[in-house]
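Comments concern the structure below.
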Amino acid sequence: MRHVSGRRKEAERLNRDFPFAGSSIESVLLSHAHIDHSGRLPLLYKQGFRGPIYTTPASIDLCGAMLRDTAHILEGDAEFVNRKHPNDPPVEPLFTLDEAANAVELFRPVGYRTPTNVGVNLVMESYDAGHILGSSSIVLTDGKVRLAFSGDVGRPGLPIIRDPEPLPPCDYLIMESTYGGRKHPPTGDAIDTLEEVVTRTIARGGRLIVPAFAVGRTQQLVLLLHQLMNQNRLPAVPIFVDSPLAVDVTGVFRAHPECFDDRVNQYLHDGEDPFGFNRLTYIRDVNESKKLNDRKGPFIVISASGMCEAGRILHHLRNNIGDSRNTVLLTGYQAENTLGRKLRDGWKSVRIFGIPGQVEAEVASLDELSAHADSEELLDWMKPIAPRLKKVFLVHGEPAQSAALADAIRSRYSLEAIPAAPGMSFELSL
Ligand SMILES: [Zn+2]
C-alpha cells in the first residue's frame, strides 16, 4: 500500500508542477483532445498562461466537453476528501470548472493543411493523425528546419475517422511509442468479434456490460452495432449508452462531419444517422440509468469509464458481475492497478465501491479497436519521411515500448532514435 501511495504522491506532484512558469509560454499547439494531452491546460491557465492554444475545430469542441467533465470530477473528489477529513488542511482540486472554461477561451481553430503563423518566423501545419476525432500530427518550421510531432498516431481502418495521413518531408520527428513493441489484431476483425460476443451472451439470456471510453470508443461501438443491426446479424435486443459525457461527445461528433471517413459519409448521404438507430437509447438522467437494474431480459449497456475506475459503469458491474449469464466486454487499454486490468487478468474476486464480489460473468476483450498504431503501423507511418530525417525522438511510451521502437527504427531505417526523458534538450540544425 505504501508503494501505491508513494507513486500516487509522485504522480500528484508531477501533475501540479510544470518545470517552467505558465506566463513564460507564448503559445500551445495541441495535437488532440485526449485528456493525457489536454488535461493540464486549465492548470497552465491557472499558473499564468494567457497565450493562444492552436488545435483543430473538433478538438476544441471535444476539449470543451472533456475539460468540464474532468473539472467536475476533480471538484467532487476534493469536496469528498475534505468532508471525510475535516481536521486536515483542505485539499484544492487540480483545477476548477471556471479555470477549465477560461482555458477553453484560449483555443484558436486551425484546420488540417492550413499553414498558420504561431510565432515570429514560426509556421505550423497539421495533418490528420487518424487517432480520434480531430486528432492531428503537426509540422513546425522556422523557414529552415522542419520539425514534425506525430501526436498520437491512429491505425488504418478504424471506424468513423479517416486513416492517418502521411507527412511531408521533415528533418526531425518527435514520435509517440505507446505500442512501440507490440502487434494488434486487425481493425477489420472488430465487427466479427463484437457479433460473436453479443450473440453468445444473448443466447445465455445474459446482459452485455461494455465499459468504454466516452470519446471515440463509444461512438465506434455504436456504429458497429448499427452495421450489425442493418445486416441482421444481431438478435433484437435493446442497447443503451449510459454516460452523460458520451452523450455530449456524440453531439460533438455529429457537429464535425469534416472528420468522417467514407463509410460514415455514406450514412449521411443516405439520410441515416450513423450514431442513432431505433434499438439504441442514450441515457443522461441518473434515474433512467438506475432503472436498467430492474429491467427484464437481455440488453447491452455501454458506459464509462473505459478502465472501470469511475462513473456509472461501476454500478452496472456491481449489479451484473455475479451472474454467469452476463458478459463484461473490455474495449480498450486497461492501465495497471485499474479494476479493468484486474478483470482482464482473470481475477475471481474484485472490490467495487469497497465491497468484494465474485466474478461469475464472462470477461471478454475487443482489442481490435485500439486507437494507437502498433509497432509495424508506426514504422509504416514514418516510412515516407524517413529518408530525410536526421533524428527521431520517442515519447509517450513505457520504457520497454520506447526502447523496442528505437531498436526497430535503427534497424529498419538506419536512423538515430532516442527515447526522450524529462530534462533532455537538443539543438536542431540542418
Ligand atoms: Zn490519444
Side-chain angles (χ1 to χ4, degrees), residues 11 15 28-42 53-67 69-70 107 110 112 126-138 148-165 167 173-182 184 187 190 211-221 245-246 249-250 252-253 256 259 261 304-307 309 330-336 338 340 366-375 377-378 381-382 393-398 401-402 405 420:
N15 269 341
V28 171
L29 315 182
L30 177 68
S31 62
H32 65 295
H34 271 153
I35 216 75
D36 56 327
H37 294 254
S38 69
R40 290 205 294 168
L41 289 171
I53 304 169
Y54 298 100
T55 194
T56 61
S59 297
I60 294 178
D61 289 350
L62 286 176
C63 280
M66 294 164 75
L67 293 176
D69 183 72
T70 304
F107 280 110
V110 180
Y112 293 121
S126 67
Y127 298 83
D128 198 329
H131 170 64
I132 61 164
L133 193 85
S135 65
S136 59
S137 304
I138 296 169
F149 170 50
S150 69
D152 286 356
V153 181
R155 314 175 59 202
L158 283 176
I160 303 174
I161 52 177
R162 289 190 295 265
D163 291 351
E165 271 187 290
L167 297 186
L173 170 63
I174 302 171
M175 178 149 99
E176 71 123 321
S177 56
T178 316
Y179 290 116
R182 295 214 199 125
H184 297 318
T187 47
F213 304 113
V215 179
R217 190 56 36 86
T218 294
Q219 293 76 23
Q220 290 170 336
L221 289 164
L245 178 61
V249 166
T250 304
V252 175
F253 270 64
H256 289 281
C259 298
D261 65 9
S305 72
M307 298 190 211
E309 280 299 274
L330 301 167
T331 59
Y333 182 68
Q334 306 296 326
E336 263 180 81
T338 60
L366 189 67
D367 297 329
E368 291 87 344
L369 291 179
S370 172
H372 282 275
D374 66 14
S375 173
E377 289 162 343
L378 285 170
W381 175 80
M382 67 176 287
F393 307 100
L394 298 175
V395 294
H396 204 283
E398 289 171 7
Q401 299 296 318
S402 301
L405 187 61

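Counting starts at 1 for both ligands and their atoms, in listed order.
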Under 2.8 Å from the Zn ion (ligand 1), the protein N, O or S atoms found are H32 NE2, H34 ND1, H131 NE2, D152 OD2

Side chain to side chain contact (heavy atoms under 4.5 Å, CB included) against T70, all qualifying residues, sequence neighbours excluded: I35, L74, F95

Who pairs with Y333 by side chain to side chain donor-acceptor pair (under 3.5 Å), at least two apart in sequence or on another chain? E398

Suppose we screen for side chain to side chain donor-acceptor pair (under 3.5 Å). Which residues come up paired with S59, at least two apart in sequence or across chains? T56

To the nearest 0.5 Å, tell me how far H32 NE2 sits from H131 NE2. 3.5 Å

In Å, rounded to the nearest 0.5 Å, how long is the span from CG of L133 to CD of Q220? 10.5 Å

Looking only at side-chain N and O atoms, does D152 offer a donor or acceptor that is under 3.5 Å from a partner on H34? no

